[in-house]
Amino acid sequence: MLAAHWPTTSEALQALQDELSRLQPPPWRPAGDYRVGAVFVCGPRGSAGAGSAGQPGWAAAVSGRAWAALAGGLGAAYEPGLLALREGELLERAVRALPEAPDVLLVDATGRDHPRRAGLALHLGWALDLPTVGVTRRLLYDGEGVWRTPSGLWIHAAWRTDVETAQEVVSSVSGRVRTPAPLREARRLARSARSYSDSMPNPAPG
DNA sequence: GCGACAG
DNA sequence: ATCTTGTCGC
């Protein structure tokens, strides 16, 4: 139910975030051969700042060797604490387009480090019923539930994950480069989808 | 009034 | 987020 997962007003989102922060889903722990996926969304090339409601967007998700990419619409303009209004639905659709879900999903967003303790990484995990880990360049609120990688990224406990699990998951897919491999791949695919759209003729009106 | 503020 | 520019290290 996409609509119920992603409110379209800040009041409704804040109310949902308050509810999500109180949930206590069973913790997930890495075991055996587990698959780390990732999802990424980007806006139009050349756009900067907070953007605006209704801009086009592109999202891609990866899980092992499988991937999916799609074009869609971004929601509201970006506002700190309300990123779900802008990116939530597109992220969910990209992950659902995968032929098989990963065991745990990396998301470019925070988890407990949020004014209402329910950042987009946590929210998306709830919406997808999938354990998630947040990965960001900067903190949002107060650094609750985060671990800092040697390369300076912030790793966030999110849906069904604590800081230790988040660290273990990210470390298992991190190599020489700063960004964890699945996230790099999802980012590459989303931007590739954007380039493809840019190369296509405009759709006929009507 | 100013800057800061996940992406 | 995205783009540009510059700098450092391999």
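Chain identifiers are assigned alphabetically (A, B, ...) following the order of the sequence lines, protein sequences preceding nucleic acid strands; residue numbering begins at 1 within each chain.
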*Do nucleotides 5-10 of chain C as a string where each nucleotide becomes B, S or -: B if the base has a protein heavy atom under 4.0 Å, S if just the sugar-phosphate does, - if no protein is that close.*
------

*In B/S/- notation, 5' to 3', how is nucleotides 1-7 of chain B contacted by protein heavy atoms closer than 4.0 Å?*
----BBB

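Using a 4.0 Å cutoff on non-hydrogen atoms, no part of residues 143-159 of chain A comes near DNA chain B.
In this view, A:D142 and A:R117 satisfy the side-chain hydrogen bond (donor to acceptor under 3.5 Å, both in side chains) rule, not counting sequence neighbours. Residues satisfying the side-chain hydrogen bond (donor to acceptor under 3.5 Å, both in side chains) test with A:D103, not counting sequence neighbours, are none. Residues meeting the side-chain hydrogen bond (donor to acceptor under 3.5 Å, both in side chains) test with A:S47, sequence neighbours left out: none.
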Let me check something: any side-chain donor-acceptor pairs from residues 65-89 of chain A under 3.5 Å, sequence neighbours excluded? List them with distances.
residue	atom	partner	partner atom	Å
A:R86	NH1	A:S52	O	3.3
A:R86	NH1	A:A76	O	3.0
A:R86	NH2	A:Q55	OE1	2.6

Under 3.5 Å, side-chain donor or acceptor atoms of residues 181-191 of chain A against the rest of the protein: list the pairs with distances, not counting sequence neighbours.
residue	atom	partner	partner atom	Å
A:E185	OE1	A:R188	NE	3.2
A:E185	OE2	A:R188	NH2	2.8

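In DNA chain B, no run of at least 3 Watson-Crick or G-U pairs (N1-N3 plus N6-O4 or O6-N4, or N1-O2 plus O6-N3, all under 3.5 Å) shows up, so the stem list is empty. In DNA chain C, consecutive stretches of 3 or more Watson-Crick or G-U wobble pairs with both distances under 3.5 Å do not occur.
For residues 17-37 of chain A, the salt bridge (Lys or Arg N to Asp or Glu O under 4.0 Å) pairs, not counting sequence neighbours, are A:R29-A:E168, A:R35-A:E100.
Its side chain within the 4.5 Å cluster rule, A:L140 clusters with A:Y141 among the Ile, Leu, Val, Met, Phe, Trp and Tyr residues.
At a threshold of 4.5 Å between non-hydrogen side-chain atoms, the residues A:L124 and A:W159 do not count as touching.
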